[in-house]
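Following: one structure in structure tokens, then a few remarks.
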Amino acid sequence: GNSVTQMEGPVTLSEEAFLTINCTYTATGYPSLFWYVQYPGEGLQLLLKATKADDKGSNKGFEATYRKETTSFHLEKGSVQVSDSAVYFCALSSRTGANNLFFGTGTRLTVIP
Amino acid sequence: KAGVTQTPRYLIKTRGQQVTLSCSPISGHRSVSWYQQTPGQGLQFLFEYFSETQRNKGNFPGRFSGRQFSNSRSEMNVSTLELGDSALYLCASSLDPGQPNEKLFFGSGTQLSVL
């Protein structure tokens, strides 16, 4: 079946620290992989995505590389800001273009000045 | 351009009642999906509608149902509410789920509390 295992939180970092949030997946076939972010009181927003092996998704300084050999899609950012404080969700779609996403449990990130 | 609009924002019901939640997608979007978010189970897919037809369904009991209208607006209904149905219900829309680079846009959700 399809599932996503995500690093447990919460994560607290100082401003300008390096961020890594681990995500591994189990899927049949070749899934598309996503990172979504949820700011307080808001819905989810797509942060980045990758649709095939070795693709790198990037946005707003965040990056993640689709690693088929390790079934991973870890989220990284070199220097976090207070405004990055949010909950981050890793997700997969088992079919291209499908809106049936399988989400990880979410990782709450708090960045302190 | 207006985003995905969900109403109401908050809802309080008692066990055994039924509830209807509404979602208006972004103008021009024809696909609407629903998700349930709880602290224990996280985000779980409920169903997806495209052109008034249910295209995909998650693993939820039949008490959860939905529909989509010709203007792409969607409603979901939960009958015979249980305490465990307390959750944030999120709606997401997209242009066409068949496209490989399709992007989902989420609403802010309806927070349902069952007492």
Side-chain angles (χ1 to χ4, degrees), chain A residues 1-10 21 23 25-27 29-53 55-60 66 86-108, chain B residues 2-7 9-10 23-26 29-51 53-60 66 68 74 88-111:
Chain A
N2 299 306
S3 67
V4 174
T5 302
Q6 192 173 336
M7 174 177 153
E8 291 283 337
I21 300 178
C23 171
Y25 67 89
T26 301
Y30 302 95
S32 294
L33 301 174
F34 308 83
W35 277 100
Y36 278 84
V37 58
Q38 187 174 33
Y39 297 101
E42 299 182 16
L44 279 73
Q45 301 175 27
L46 178 65
L47 181 59
L48 53 84
K49 69 177 183 182
T51 57
K52 61 183 187 296
D55 266 2
K56 177 186 282 189
S58 60
N59 186 26
K60 301 181 182 179
Y66 189 143
V87 182
Y88 293 82
F89 293 90
C90 185
L92 72 83
S93 168
S94 58
R95 293 184 295 115
T96 299
N99 290 340
N100 177 6
L101 298 180
F102 295 86
F103 284 89
T105 52
T107 301
R108 180 176 299 279
Chain B
V4 178
T5 304
Q6 291 188 245
T7 56
R9 185 72 179 89
Y10 300 95
C23 172
S24 294
I26 290 173
H29 285 195
R30 297 166 62 195
S31 169
V32 173
S33 305
W34 288 89
Y35 288 82
Q36 181 195 64
Q37 185 177 18
T38 60
Q41 299 296 320
L43 277 152
Q44 294 184 285
F45 172 78
L46 281 155
F47 27 66
E48 175 197 352
Y49 287 86
F50 179 75
S51 293
T53 301
Q54 188 179 88
R55 289 172 57 98
N56 206 353
K57 188 177 189 305
N59 189 25
F60 278 81
Q68 187 180 33
S74 177
L88 179 67
Y89 290 87
L90 292 168
C91 168
S93 75
S94 66
L95 275 169
D96 179 349
Q99 299 304 309
N101 292 312
E102 201 48 59
K103 180 178 176 180
L104 276 182
F105 293 82
F106 282 82
S108 299
T110 293
Q111 183 67 54

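All chains are named by letter (A, B, ...) in the order of the sequence lines, taking the proteins before the strands, and each is independently numbered beginning at 1. Basis for what follows: all heavy atoms, side chains included, without hydrogens, waters or symmetry-related copies.
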Nearest-0.5 Å distance that lies between atom [atom1] in [X] and atom [atom2] in [Y]:
X	Y	atom1	atom2	value
B:Phe47	A:Asn100	CZ	CG	12.5 Å
A:Glu42	B:Phe106	CD	CZ	13.5 Å
B:Gln44	A:Leu101	CD	CG	13.0 Å

Centre-to-centre under 6.0 Å for B:Phe45 and A:Phe103, is that the case here?
no
Return yes when atom CZ of A:Arg108 has more than 12 non-hydrogen atoms of other residues, nucleotides or ligands closer than 6.0 Å, and no otherwise.
no
Over 12 non-hydrogen atoms of neighbours within 6.0 angstrom of NZ in A:Lys52
no
Sorted by chain and residue number, the side chain to side chain contact (heavy atoms under 4.5 Å, CB included) partners of A:Ser58 (sequence neighbours excluded) come out as A:Glu63
Could you check which of B:Gly42, B:Ser108, B:Cys91 has the highest count of heavy-atom pairs closer than 4.5 Å to chain A?
B:Ser108
Between A:Gln38 and B:Leu88, does the side-chain contact (heavy atoms from CB on, under 4.5 Å) criterion hold? Intermediate values first, please.
CA-CA 13 Å; A:Gln38 187 174 33; B:Leu88 179 67; 4.1 Å; yes
Under 4.5 Å from any heavy atom of chain A - which part of B:Leu43
both
Honestly, the part of B:Gln37 sitting under 4.5 Å from a heavy atom of chain A is side chain
Counting C-beta onward and ignoring hydrogens, is there a side-chain heavy-atom pair between A:Tyr36 and B:Leu104 closer than 4.5 Å?
yes
